[in-house]
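Data block below; observations after.
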Amino acid sequence: YIRDKYEIRANDPITITDDDGKIISDSNNQFKQQVLDLPQIRDALKGSTTWSNYYFNDIGNVLYLAVPVMIENNVRGGVLIANSINDLYDNVDVINNTIKTIIFIAGILITVGVAIISNHFLKPINKFYPVINKLSMGDFGDRVEVMSNDEFRMLADSFNSMSIKLNEVEQQREDFVGNVSHELKTPLSSIKLLSESLLTQDKVEEKVYKEFLTDINNEVDRLNSIVTELLSLVDLNKKHLVLEYEMTNLNLNIEKI
């Protein structure tokens with residue numbers, strides 16, 4: 001029964017004791033009538049089934065299993081079974097080495113996978129840095145080329161739209177500055193010419209003075225009108241423009257032009 005229950009092999013050392021711990025029989029017939037004073041036997045004589053593992057230098061790991069012998073619910077002795085479990089430890093070592101190998105290989109695969117995934121996500125992002133640096137230096141209009149069909153493509157399209165819009169705004173700004181410079185230079189040149197004409201002449205008739213001063217005044221009004229229009233454009237960009245409606249003679253304005 002004990003062999004069937006605990007799968008004991010035929011050559012496993014088995015020792016049987018009475019209720020005082022004295023050996024009645026053992027597998028090798030070497031220890032009869034000796035008292036077997038082991039913790040496992042003591043527990044077995046108290047009615048408990050216990051086991052412990054021991055290590056011996058000559059034979060390695062040995063499992064001691066002690067079970068009580070019950071007769072009519074009374075403990076009449078104990079049975080001690082000693083079994084080498086070196087093969088179990090060997091299997092555990094093999095399993096541990098296998099697990100370590102699997103963990104090592106898995107670690108390499110995870111590292112490579114993370115590197116590939118990181119490169120996949122960082123590669124399109126790295127394309128933004130050169131264009132952003134150019135934008136920060138005032139070089140507008142460059143585009144970011146992303147060939148994938150994901151969120152990075154949407155981000156690149158939005159970024160490209162912003163870059164093109166900034167380039168258009170910069171071009172308009174340059175054209176605006178050029179036009180304003182030209183518009184302001186014309187009346188200033190006229191004022192400069194008229195004033196120098198008066199200053200270089202010793203005797204100027206009052207009529208000429210008034211004529212030149214009238215022209216200078218007109219040019220000043222022209223400058224004032226240009227500045228007012230510039231301020232209106234600034235308000236327009238700020239969306240604060242207030243329109244003032246008035247009746248006008250279109251034919252007369254065309255004739256003046």
Side-chain angles (χ1 to χ4, degrees), residues 102-197 214-257:
I102 293 174
I103 292 175
F104 178 74
I105 295 175
I108 294 177
L109 293 177
I110 291 174
T111 302
V112 174
V114 170
I116 294 175
I117 295 174
S118 299
N119 182 66
H120 173 73
F121 283 103
L122 292 178
K123 187 175 181 180
I125 294 178
N126 291 332
K127 294 181 179 180
F128 284 84
Y129 292 119
V131 181
I132 292 175
N133 290 333
K134 288 184 177 180
L135 288 179
S136 64
M137 298 177 64
D139 186 3
F140 305 103
D142 279 1
R143 296 172 58 88
V144 178
E145 298 295 337
V146 176
M147 305 306 297
S148 60
N149 293 320
D150 52 14
E151 287 78 5
F152 289 111
R153 178 64 178 274
M154 298 173 60
L155 179 62
D157 292 341
S158 299
F159 184 85
N160 292 335
S161 298
M162 179 190 69
S163 179
I164 294 173
K165 185 64 177 178
L166 288 174
N167 186 56
E168 293 176 354
V169 172
E170 177 64 14
Q171 188 63 43
Q172 292 174 0
R173 184 191 66 83
E174 292 178 357
D175 295 340
F176 176 76
V177 171
N179 293 331
V180 169
S181 299
H182 176 73
E183 292 294 331
L184 293 178
K185 187 176 181 180
T186 300
L188 287 175
S189 298
S190 299
I191 293 173
K192 177 71 173 177
L193 179 62
L194 292 170
S195 60
E196 286 181 348
S197 298
T214 300
D215 292 337
I216 292 175
N217 183 67
N218 292 334
E219 295 299 329
V220 171
D221 291 339
R222 182 178 175 185
L223 281 174
N224 184 56
S225 176
I226 293 174
V227 172
T228 302
E229 291 178 357
L230 291 178
L231 293 176
S232 298
L233 290 176
V234 172
D235 290 336
L236 180 61
N237 290 332
K238 294 181 179 180
K239 298 181 180 180
H240 291 161
L241 182 63
V242 178
L243 298 179
E244 296 181 1
Y245 298 96
E246 63 179 10
M247 297 296 295
T248 182
N249 189 329
L250 185 58
N251 292 335
L252 181 59
N253 288 333
I254 293 177
E255 289 177 0
K256 290 182 178 179
I257 293 174

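None of these values were measured; they are calculated from a predicted model.
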**Asked** Which residues pass the side-chain contact (heavy atoms from CB on, under 4.5 Å) test with Asn253, sequence neighbours left out?
**Response** Thr248
**Asked** Within a strict 4.5 Å, meaning less than it, do heavy atoms of the Ile191 and Leu223 side chains meet?
**Response** yes
**Message:** Within this structure, what is the CG-CD distance for the pair Leu194 and Glu219, rounded to the nearest 0.5 Å?
**Reply:** 7.0 Å
**Asked** From Asn251 CG over to Glu255 CD, what is the distance, rounded to the nearest 0.5 angstrom?
**Response** 6.5 Å
**Request:** Could you tell me the separation between the CG atom of Leu193 and the OG atom of Ser197, rounded to the nearest 0.5 Å?
**Result:** 4.5 Å
**Request:** State, with a plain yes or no, whether a side-chain heavy atom of Asp175 is found less than 4.5 Å away from one of Gln171.
**Result:** yes
**Asked** Do His182 and Thr186 have side chains that get closer than 4.5 Å, going by heavy atoms?
**Response** yes
**Spacing of Ser225 atom OG and Asn218 atom CG [to the nearest 0.5 Å]** = 12.0 Å
**Fill in**
Paired with Val114, the side chain to side chain contact (heavy atoms under 4.5 Å, CB included) test is passed by just one of Ile117, Ile110, Thr111, namely Ile110
**Complete:** Taken to the nearest 0.5 Å, the spacing of Asn249 CG from Ile254 CD1 works out to 9.0 Å
**Asked** Does any N or O in the side chain of Ser161 come within less than 3.5 Å of the main-chain N or O of Asp157, such that one atom is a donor and the other an acceptor?
**Response** yes
**Complete:** Taken to the nearest 0.5 Å, the spacing of Leu188 CG from Arg222 CZ works out to 10.0 Å
**Asked** At their closest point, which heavy atom of Ser195 faces which heavy atom of Ile216, and how far apart are they?
**Response** N-CD1, 4.1 Å
**Asked** Got a donor-acceptor contact below 3.5 angstrom from the Asn167 side chain to the Ser163 backbone?
**Response** no
**Message:** Under the rule for side-chain hydrogen bond (donor to acceptor under 3.5 Å, both in side chains), what residues qualify as partners of Glu174, not counting sequence neighbours?
**Reply:** none
